[in-house]
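Each remark here refers to the structure printed beneath this line.
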Amino acid sequence: MNRHQFSRRVALTVCTISVLCGQTPAPSLSIELNHRKAPVSPALYGLMTEEINYSYDGGLYAELIHNRTFRSDWSGVLNWFLLQKGTSAARLSIDQHNGPSAALTRSAKLEVTAADVKSPAGLLNEGYWGFPVRTNTRYAGSLFAKASSPDAVPVTIALVANQSGKVLAKTSVTLAGAEWKQYSFELHSGEMATASSENHFELLLDRPATLWLQLISLFPPTYHNRPNGNRVDLMEKLSAMHPAFLRFPGGNYLEGDHIEDRFDWKKTIGPLLDRPTHPSTWSYHSSDGMGLLEFLEWCEDLHMDPVLAVYGGYSLRGQFVKPGPDLEPYVEDALDEIEYVTGSAIDTKWGAVRARNGHPAPFSLHYVEVGNEDQFDKAKTYDGRYAQFYQAIKAKYPNLQIIATTPVSSMTPDVLDDHYYKQEQGMFDEAKHYDQTDRKGPKIFVGEWATREGSPTPNFGAALGDAAFMTGLERNSDVVVMASYAPLLVNVNPGGMQWSSDLVGYNALNSYGSPSYYAQVMFASCLGDSSVESSVGQAGERFFYSATASSSKLCLKLVNASSMPQPLAIALHGLAKGSAHLAHVSTLHANTTWATNTIDEPNRIVPVHSTVTLKENNSSYVIPPYSIQVISLDLK
Ligand code: AHR
């Protein structure tokens, strides 16, 4: 069914409801527009991210060179290959004692012993499952190099099609001298280049020479043209979610497998040359191109509040730091981090560092989270660790809200981070979870949640579970102040995924939203500032709803997770008697729960927009089977 046919079907279903109602009275959904119940948090919907599934490297962070710092293992230099064309001869090794900075102490040593114009030699980089080349596109590159002799060494740099060997963009850079220097270059793809990711990067010499190379980098155009910035298509998809906040940098990625592998923020700021890179918990290495400042600039670009997770003294494989003097350096590190985010560029040490890194203006910060999923700490040290961080942070920043990752017994945390990963039925059940929550306890941040059905991205059944769960969040948003789906991103190439069911999928060239993504976009597109008194009659077990309103609009979320239509008689008490109101309806629908979107068929399940006229009393309405709907009604 195409969108047009679907809109007609929705309209027809609405028209024929009186017939249905004639048979069995439709349950009444009564909304009391003048009885506002509880506040809805304006920050309810946000994003959670970490380096998982090639979320940043090979994902949002737009760098195209894979392993720009020439890491190697027993198999050789990762993602790089030696090129010896024609009769040329060359060697590639890692020089362990020759690097351009204290952080990058090694480099690639390229020894070309025979080469000429017809038989050049050099290096090939495979990219993150290819290089995206599009028509008329400019790529900004740079590299650090030094040579064994003072003679000028011209190198040719190109993007080349894997199959045909066709050169799609090419430039030349002349390297010279025995000192490390940075060189910049640009590549332009021409009119004739068709969009493809089946390409690679080449760096070639047409004469014998010995070079040391480090930090070879290439960026396509980025969102807001930020240097060292983010991929445009992914940022646009995230922006459409209207996220209020970004929880970063994890997740497990914050903790690291071991203490030394944690997200050590001081090693992620400043020039790339000063970032040593580090192993992530998700089986691949992080370039740390997405460092603390880049996270904050991402927030700035999408108008999100940072929710800063600081390392709390516990790492994934069970290592922990005892509360007390041992923990003190980590607490100090968190205080420095908060100062880096919020401090004045003029009179704070870390604010001044941020300014030197290119961002003089401080960022606003309201929430700091201590650690991640500390319920897994078998030594049960979180109570002490949380309290120590809490006291130190509050002493300096009394207005910050400090989020605990698991309940603590010695005090009531400001906010508690709850996580839910369940299948469809599990999430239907959880839709009521917060209905009974004690309002005198801590506020709740649902920092990670997802209905886990479908891989690499969730299917429509998962979207139904998500939507049902979100109705519960909205109904209880006086206590649930923030919520973020996780994981957010996945590179769908083989080997790209470490965690199935991720909101947005992509390869080097394209990206797509899962049905769950569209459910998020729809729910965040209409959110009132308070929940509204409401009740429903005997609707089906798989019917879920929420009603929120502001002074200007009513936002009604309707979820029919069953295979049968759900008739309703909608009563909007408080609307002027006899008046008819045109409401906008977004519908996400599929014929089966396993239907889904993919990288090749990204638009199978997308929201369809229609209108419906609603009146004060008993508007006959039918929610089609397997449907998520958001109805926005202008109250002015
Ligand atoms: O979202 C994937 C992982 O799930 C997160 O890293 C961790 O916090 C949780 O266990």
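Start at 1 and go down the list; that is how both ligands and their atoms are numbered. Everything quoted here is computed from the prediction, not taken from an experiment.
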Option passing ring pair (Phe, Tyr, Trp, His ring centres under 6.0 Å) with Y54 (candidates W499, Y61, W129): W129

d(Y386 OH, Q391 CD) to nearest 0.5 Å is 10.0 Å

Examine ligand 1 and decide if any of its atoms is less than 4.0 Å from a heavy atom belonging to G250. no

Of all protein heavy atoms, the one nearest atom 7 (C) of ligand 1 is N252 OD1, 3.2 Å

Supply the atom-to-atom distance Q425 CD to E430 CD, rounded to the nearest 0.5 angstrom. 11.0 Å

Taking both backbone and side-chain atoms of W499, is any N or O found less than 3.5 Å from an N or O belonging to ligand 1? no

Atom 10 (O) of ligand 1: which protein heavy atom is closest, and how many Å away? E373 OE1, 2.7 Å

I need the atoms of ligand 1 closer than 4.0 Å to a non-hydrogen atom of G251, numbered in the order shown. 6 (O), 8 (O)

F263 and ring pair (Phe, Tyr, Trp, His ring centres under 6.0 Å): which partner among F248, Y253, Y56? Y253

Closest to atom 8 (O) of ligand 1 by heavy-atom distance, out of E448, H419, M48, is E448

Could you tell me whether T281 approaches ligand 1 through its side chain, its backbone, both or neither, with non-hydrogen atoms closer than 4.0 Å? neither

Hey, what do you get for CZ (F469) to NE2 (H433), rounding to the nearest 0.5 Å? 8.0 Å

Please name the pair of heavy atoms, one in K322 and one in D326, separated by the smallest distance, quoted to 0.1 Å. O-CB, 3.5 Å

Looking at Y421, Y485, Y45, Y420, which hits ring pair (Phe, Tyr, Trp, His ring centres under 6.0 Å) with W449? Y485

Number the atoms of ligand 1 from 1 as they appear, then name those within less than 4.0 Å of a heavy atom of N372, with their elements. 7 (C), 8 (O)

Which of the listed options, W282, Y253, Y421, F376, holds the heavy atom that is closest to atom 1 (O) of ligand 1? Y421

Closest to atom 6 (O) of ligand 1 among protein heavy atoms sits E50 OE2, 2.5 Å

